[in-house]
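Notes follow once the structure below has been shown.
Predicted, not measured: the structure shown is a model, and the values here were computed from it. What you see below is based on every heavy atom in this structure, not just the backbone, and it leaves out hydrogens, waters and symmetry mates. Here is how names work: the chains are called A, B, and so on, in the same order as the sequence lines, proteins then strands, and each is numbered from 1.
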Amino acid sequence: MATQTNNDDRIALLQGTLDLLILKTLLLGPCHGQGVARSIQRQSEDVFLVDHGSLYVALQRLEDKKWIQARWGVSDNNRKARFYSLTAKGREQLTEKTGEWRRLTRAMGLILDAAAEEA
Amino acid sequence: MLKRKRSADDFAEEIKAHLALEVDELESEGLPRDRAHTEARREFGNVRLAQERFYMKDRWMALDRLLRDLRFGLRSLVASPGFAATAILTLALGIGANTAVFSVMNAVLLKSLPVTDPERLVRLRTSNAPQGTGTIDSNQTLSYPVYEALRHQSGAMSAIVAYVPLSTSKVAVRYGAQPEEAEGDMASGAFFSSLGVNLPLGRGFTEDDETRHSSIAVISYNYWTRRFARNPAVLGTTLYVNAVPITIVGVAAQGFEGVDAGGSTDFWIPLQNRRELNAWGNPPDDGKLYKADPTWWCLQLIGRLAPGASKTQALAQLQSTFQHAAFIGLGGKPMEGEKPPVLSLVDAKGLPGMDMQYANPLHILMAMVALVLLIALANVVMLLLARNAGRQREFSLKLALGASRAELLRQLLTESLILVTAGGALAWAFAELATRLLGQWAQIESSLSPDRTVLLFTLGVLGVAGLLFGLAPMRVALSGGAEMVLKTSAATSNADAGKSRMGRVVVALQMTMCLALLVGAGLLIRTLRNLENTPLGLQADELAVFSVKPNIPSLPEGRIFYSSLIDKLRVLPGVESVSVSEERLGGWWSDNSNMLVDGRLPEVANGASLTVRSNVAGADFFKTLGVPVLSGRDFADSDTAAAPHVGIINEEFAKRFLPNRNPLGHTIGTDDGRWSMSVIGVVKDHKYRSIDEEPIPMAWYEYAQIPMVGPMTVEMRVHGDPLAILPAARKAVQQIDPNLPLIQPMTQRAQFETTISHQILFARLAGFFGFLAVVLVATGLYGTLAYRVSMRTAEIGVRMAVGARRGQVVWMILKDSLVLTVCGILLGVPLAMLVGRALASSLYGVMPLDLVSYLLAVAGVAAVALVASAVPANRAASVDPMRALRTE
């Protein structure tokens, strides 16, 4: 199975990054928890290991902060599921966090690349 | 809008949905259905763990936040330890004192008897006792014939029971070998059943026990615990009461220590009919015991109203029976011109007599506590206002840095809560101590503890006040908003607080109350000093006193008992002289009656009272007491039963009834004309019943000459410590009768001091409250002034920079508090006059408008104000102008 073969290459998510990934995923439209997990795994080309327990706690946390909202609905294949969608506040946060993340990775990149050149 | 919390079930549902979706997806990817199931589960990981995390998330966050708030609150309080300590102590003292006084007042005045339906119980009282009778209390005690007549009246009263102590103090008991003393009552057969007192062990009395005078006893729970270590085997054992064997058959419910709730009865026996167990421990009068003596009104009666009956109905039924029964054995009807006694019923809750004696002092104490509480409350408010007003910039800064309003609110609430909790805990400890002290004062021996409701109530009041005022700065901080920190300086942002009019009013009012308390305390302390320095008229030092209650089968044997006891005691080493008397000096008791002088009732000027206090004494009585004999002689051993009857009077007797005559040789006697004696001596007036009494006419009979002998008090004049003679005296007594304990052995001085013990405690408490008020006012004043000065640091800096001198700055600050002090004193004097008027009846040798007390109180308040202002004023003047300006 795909998920098992490249087990060693998978990275546990950094604290806080999961929130950002969830927000990004939901930007495409309302989705249930299982769909979010699948989507993150697929889009990261199976690099990220999404712990499902953490995912649901994170969803709950975002909901408490009113960045996302949830309601029960029916999936494409007629299953009952809880659908999450972005709020206006969540959209704002996504922009802000994405900016932060870009600055962080850029700074990290600068340092690491410089170090690589010196080495 | 309130968001409904998401349930754990809903979350579980979501996980189930997740698994189902995953299975669907895996299946569509080509996995067989059962593989897909296991795979989805494996993929998800630990479902239970996920649910647990969901469940705990909010809780952990709340706990974590609480801990953080507490830590922060503590840190911020520790940062200003002076404020924290003052606030906590203020709360503790205010709440503690209030609780203690209220608890005692509750026990004395308000608490009901520990019985079933206490509000249906009534005490039977009479307007007076018929002429020719003797009473214990002219309103509260009734005779046995009255009891007999009333108890058979059924109807509005479902039961009437009688009880009477076996002694005026304690009675001799023996359990095993050692003689000891205990408080015992005789009571009706229906006593326990009609009061509704439970007996957790054994049985109570029956009507049959009363009729047959059964030798059985019920002991109190307290006595059972104290003396018998709650041993259930106590039932069936024998207790010797005045050497009469009595079998213990029951233990009364916990908390029941008699109907006189201030007392502490140790055991009850059914009404008896034998000379060793006469009412009040008296010897038979004319050979008659209490049951056969219609002239001795010595029983207390208590009744239970029948269901539905009112006091008025019951009274209507009983009145005529009572008025008839009152004269049984007294000629059947009132004498000419005599008003017949009138029966009345009063609620039985609360303590008889106690309310009269202690109500006034307790009310005054309560008022004092209220004042202290107000001062304490004002202090806490001032402290909080001052502290938090000074923190407005801190709050604005926090808001500016992104703290939410809710977070600020939580922080303030937590700080107030810490203060109130710590203050409350200390207050409890203080209340425990103070309640015990107060209980001792009121001589309430039954178990007393601080009243939880009162404590919580007071704590609640101060707590709510603390919270409200603790939050007051929030409003200012929020209205100022985050920008305030940017555009204002300390000088402008705090200007309002510095000029706070409310602060000034509170400080002035505190001084008003402080002045009133100090005047009250001063008056009471001067009263106490007067009492303590009152000459007794006798030499109370080196004088030991104890009582004995021998079993006396006949008059001659009684006389022999005492003469041999005196002989034995006289020869003990260190003893100077020994004498006996019937009533103990300084014991609150006195035997009052009218006396004939030269065969008729004396005529007195200005309608002065005819009442004479009498006592029975032995040889060398006045020599032993150290009372000077002004003319004639003391009683002597030669005054035997066979010798001519002799009596001794005091100066007051001679002055009132035999004015301008030589009293020696005149005949005086009882008002029924059956006993007379000739005056052989006149002694100087001295204190008799208590320290604060005025002299009244007194007469002494010789004990060996009168036809009655019972328990006596022995007075021993010794060299050195009076208490050191007691073991030898005990040995001498027990050589004659091994059953006899020494009853209430003590020094004569200690005996007299018991008569002012509640004045002593009252004065001490008042002094304590005065001191407390001063301390509270001083801390409050200091805190407020120090705060006001600190608010004006910038202003002072500017003034000094432009040339103000040190003295001017100090004066500026002092003037401020002097104005407040003068206002406080001007308001305080009228309040103090009210206090003085309320205290008038408790004063001795001091006028309510005592100038010294007022001057001292004014000086005290002024001194406190001066000291409390001088320190901050001085600090203000030491401000370096440059630094003061740079703080901006």
Quiz item: Is B:E14 paired with A:R71 through a side-chain N to carboxylate O contact shorter than 4.0 Å?
Solution: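 No, A:R71 and B:E14 are not salt-bridged.
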Quiz prompt | Residues A:K80 and B:E13 bridged, charged N to O under 4.0 Å | solution =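 Looking at A:K80 and B:E13, the cut-off is met.
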Self-check item: A:A81 to B:A17 - nearest heavy-atom pair and separation
Solution: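 Looking at all heavy atoms of both residues, the closest pair is CA-CB, 4.2 Å.
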Quiz item: Is the A:H52 to B:H18 ring centre distance short of 6.0 Å?
Solution: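 Yes, ring centres under 6.0 Å apart.
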Quiz item: In Å, rounded to the nearest 0.5 Å, how long is the span from CG of A:L59 to CZ of B:F11?
Solution: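 Reported to 0.5 Å precision, the distance equals 8.5 Å.
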Practice problem: Might you confirm whether atom CG of A:D76 has over 12 heavy atoms from other residues, nucleotides or ligands at distances under 6.0 Å? | Solution: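 For A:D76, atom CG is not crowded (no more than 12 foreign heavy atoms under 6.0 Å).
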Quiz item: Do B:D10 and A:R82 touch side chain to side chain, with heavy atoms closer than 4.5 Å?
Solution: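 Yes. Closest side-chain heavy atoms under 4.5 Å.
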